[in-house]
Amino acid sequence: MKDVLDALKKAIEEGQAKDAARAVRAALDAGAEPGAVLRDVMVPAMDEVGRRYECGDYFLPEMLISARAMKEALALLRPRLVATDVKPAGTVVAGTVKGDLHDIGKNLVCMLLEGAGFEVRDLGVDVAPEKFVDAVRGGGVNLVALSALLTTTLPNMKVTIEQLKAAGLRDKVGVMVGGAPVNDRLATEIGADGYAEDAAGAVALARRLVGVPA
Ligand code: B12
C-alpha cells in the first residue's frame with residue numbers, strides 16, 4: 001500500500017494525471033480509506049506543489065498540471081466521499097470569491113458538505129458579491145461558504161458580506177469562510193460567523209451554524 005500512496009503523491013506533485021488516477025484506483029481497490037488518502041496524501045501533495053512554486057522550482061504551468069492531476073484523482077474519490085444516507089441538513093451556497101480561480105479546496109468542501117447531507121449550490125470561481133446576494137435572495141439558503149486562496153482576493157470576502165448586509169439578507173444566513181490565507185481572526189474582523197481550516201472542519205462548522213448535532 002505504501003508504494004501505491006507514494007506513487008499517488010509523486011503523480012500529483014509532478015502533474016501526471018493518468019498515473020494519479022491509476023494510483024487512486026489501486027489504493028481504493030486495496031481497501032484504503034478515501035478520507036485518509038485525501039488528507040494524508042493528496043492535500044500534502046498540493047502543499048508540496050505550492051512550496052516548489054514559492055521557491056521558484058515550479059512555475060504556473062507546473063502548478064496547473066498538478067492541479068489537473070489532483071482534480072482527476074479527486075473525481076475518482078468523489079463517489080466515496082459523497083455517499084450518504086444522512087438526513088437533509090440545510091442548503092449551502094458556495095463559491096470562490098471574485099478575482100480568485102482556485103477551486104480544488106472549495107470543491108472538496110462542497111463534496112464533504114454533500115456527504116454530510118447538505119444541499120450544495122456551487123456558484124463556481126470568480127464569483128462576484130452580487131451573485132452570492134442573488135443566490136441568497138432566491139430563498140431557501142441556510143449558509144454561504146466563501147473560499148479565497150489569494151491575499152489579494154481576501155477583501156472580496158468582506159465586500160460580499162457587506163453586500164449581503166446592504167441587501168438586508170445577512171441575518172438570514174450563516175456565513176463561513178476558508179482558504180489557506182484565512183484565519184479565525186480575519187473571519188471575526190470581516191463579520192463572518194466562522195472559519196474552518198479544512199473540509200472536515202467546514203462540515204463541523206456548518207453543522208454548528210445550522211444547529212445540527214455533530
Ligand atoms: C493549484 C494552485 C493553483 C492553480 C489553481 C487550479 C484550481 N483549479 O484550483 C492555478 C495554477 C490556476 C493557480 C493560479 C494562481 N496561483 Co495558485 N496555487 C495553487 C496551489 C499550489 C494549491 C492550492 C490547492 O488546491 N490546495 C489544495 C486544497 C485542498 O487546499 P485549499 O485550497 O487550501 O483548501 C482547503 C482549506 O483551505 C479549506 N477551505 C478552502 N476553501 C474553503 C471555504 C470554506 C468556507 C471553508 C470553511 C474552508 C475552506 O478546506 C480545503 C480542503 O481541506 C497553492 C499553494 C497552496 N499550498 O495552497 C497556490 C497558491 C494559492 N497560488 C498562488 C498564486 C500566487 C497564484 C497566482 C497569482 C500565480 C500567478 N502568478 O498567476 C495565480 C492566481 C490565479 C487566480 N486569479 O486565482 C499563491 C498565493 C499567494 C498568496 N498568499 O496570495 C499560492 C499560495 C502559491 C505560493 N506558495 O505562492 N494556482
Side-chain angles (χ1 to χ4, degrees), residues 35 38-39 43 74 78 81-214:
L38 185 63
R39 190 180 56 243
V43 171
L74 259 183
R78 189 173 199 281
L81 292 173
V82 301
T84 177
D85 52 6
V86 188
K87 285 203 211 85
T91 298
V92 186
V93 162
T96 304
V97 297
K98 188 173 168 143
D100 201 323
L101 302 175
H102 295 86
D103 67 355
I104 294 173
K106 182 264 299 164
N107 292 348
L108 258 174
V109 168
C110 291
M111 276 183 212
L112 292 210
L113 284 172
E114 277 182 43
F118 285 88
E119 183 193 324
V120 178
R121 299 185 199 158
D122 184 356
L123 304 182
V125 296
D126 189 19
V127 181
E130 309 82 62
K131 276 187 98 179
F132 283 107
V133 170
D134 285 348
V136 174
R137 195 178 278 124
V141 178
N142 306 97
L143 293 174
V144 174
L146 304 175
S147 180
L149 264 285
L150 299 172
T151 39
T152 48
T153 57
L154 281 179
N156 290 330
M157 289 185 152
K158 186 167 184 234
V159 175
T160 304
I161 294 174
E162 279 167 357
Q163 293 212 9
L164 282 169
K165 269 191 206 148
L169 296 167
R170 177 65 186 91
D171 296 343
K172 302 200 185 324
V173 287
V175 177
M176 50 196 242
V177 291
V182 185
N183 56 38
D184 264 322
R185 215 183 74 191
L186 180 104
T188 309
E189 273 170 18
I190 64 175
D193 296 306
Y195 153 81
E197 193 184 359
D198 57 21
V203 170
L205 173 62
R207 286 187 170 135
R208 183 163 63 72
L209 293 177
V210 298
V212 171

(message) Counting C-beta onward and ignoring hydrogens, is there a side-chain heavy-atom pair between Leu146 and Phe132 closer than 4.5 Å?
(response) yes
(message) Give me the atom names and distance for the closest heavy-atom approach of Gly194 to Leu205.
(response) C-CD2, 3.6 Å
(message) For Arg137, is there an ion pair with Asp134 - N to carboxylate O distance below 4.0 angstrom?
(response) yes
(request) Report the residues that fulfil side chain to side chain contact (heavy atoms under 4.5 Å, CB included) with Asp103, sequence neighbours left out, ordered by chain and then residue number. (result) Lys71, Thr96, Lys106, Asn107, Val125
(message) Could you measure the distance from the CG atom of Leu164 to the CD atom of Glu130? Nearest 0.5 Å is fine.
(response) 11.0 Å
(message) On a heavy-atom basis, which atom in Met111 and which in Val82 lie closest, and how many Å separate them?
(response) O-CG1, 3.3 Å
(request) May I have the step-by-step check of side-chain contact (heavy atoms from CB on, under 4.5 Å) for Val177 and Ile190, ending in yes or no? (result) CA-CA 10 Å; Val177 291; Ile190 64 175; 4.2 Å; yes
(request) Work out which heavy atom in Val127 is nearest to a heavy atom in Lys131; give both atom names and the distance. (result) CG1-CB, 3.6 Å
(request) State which residues pass side-chain hydrogen bond (donor to acceptor under 3.5 Å, both in side chains) with Thr91; sequence neighbours excluded, sorted by chain then number. (result) none
(message) I'd like to know if the side chain of Asp198 and the backbone of Gly201 have a donor-acceptor N/O pair within less than 3.5 Å.
(response) yes
(message) As a quick check of understanding, evaluate salt bridge (Lys or Arg N to Asp or Glu O under 4.0 Å) for Arg170 and Asp193, giving each step before the final call.
(response) CA-CA 10 Å; Arg170 177 65 186 91; Asp193 296 306; 2.9 Å; yes
(request) Answer whether the closest heavy-atom distance between the side chains of Met176 and Leu209 falls below 4.5 Å. (result) yes
(request) Find out whether Met157 and Val182 are in side-chain contact, i.e. whether some heavy atom of one side chain is under 4.5 Å from a heavy atom of the other. (result) yes
(message) Please check if the number of heavy atoms outside Glu162 that lie under 6.0 Å from its CD is greater than 12.
(response) yes
(request) Identify the heavy atoms of Ala167 and Val133 that sit nearest to each other, and give their distance. (result) CB-CG1, 3.8 Å
(request) Go through the steps to decide whether Gln163 and Leu169 satisfy the test side-chain contact (heavy atoms from CB on, under 4.5 Å), and finish with yes or no. (result) CA-CA 9 Å; Gln163 293 212 9; Leu169 296 167; over 6 Å; no
(message) Using modelled atom types and a 3.5 Å cut-off, is there a donor and acceptor pairing between side-chain atoms of Asp100 and backbone atoms of Leu150?
(response) yes
(message) Once rounded to the nearest 0.5 Å, what's the spacing between atom CG of Leu186 and atom OH of Tyr195?
(response) 10.0 Å
(request) Without swapping roles, check the side chain of Asp126 against the backbone of Lys98 for a donor-acceptor pair under 3.5 Å. (result) no
(message) Check Glu114 with Arg78, please: is the shortest side-chain N to carboxylate O separation under 4.0 Å?
(response) yes
(request) Side-chain contact test, heavy atoms from C-beta onward, threshold under 4.5 Å: evaluate it for Val136 versus Val144 and give yes or no. (result) yes
(request) Find out whether Phe118 and Arg207 are in side-chain contact, i.e. whether some heavy atom of one side chain is under 4.5 Å from a heavy atom of the other. (result) yes
(request) Measure the shortest side-chain to side-chain distance between Leu149 and Thr153 over non-hydrogen atoms and say whether it is less than 4.5 angstrom. (result) no
(message) Between Val173 and Asn142, is there a side-chain heavy-atom distance shorter than 4.5 Å?
(response) no
(message) Testing the basics here: between Ala202 and Leu113, what is the closest heavy-atom pair and its distance to 0.1 Å?
(response) O-CD2, 4.1 Å
(message) Once rounded to the nearest 0.5 Å, what's the spacing between atom CD of Glu119 and atom CG of Leu143?
(response) 12.0 Å
(message) I want to check something: taking the side chain as every heavy atom from C-beta on, are Leu112 and Leu81 in contact at a cut-off of under 4.5 Å?
(response) yes
(request) Determine the minimum heavy-atom distance between Ala135 and Leu123, stating which atoms define it. (result) CB-CD1, 4.1 Å
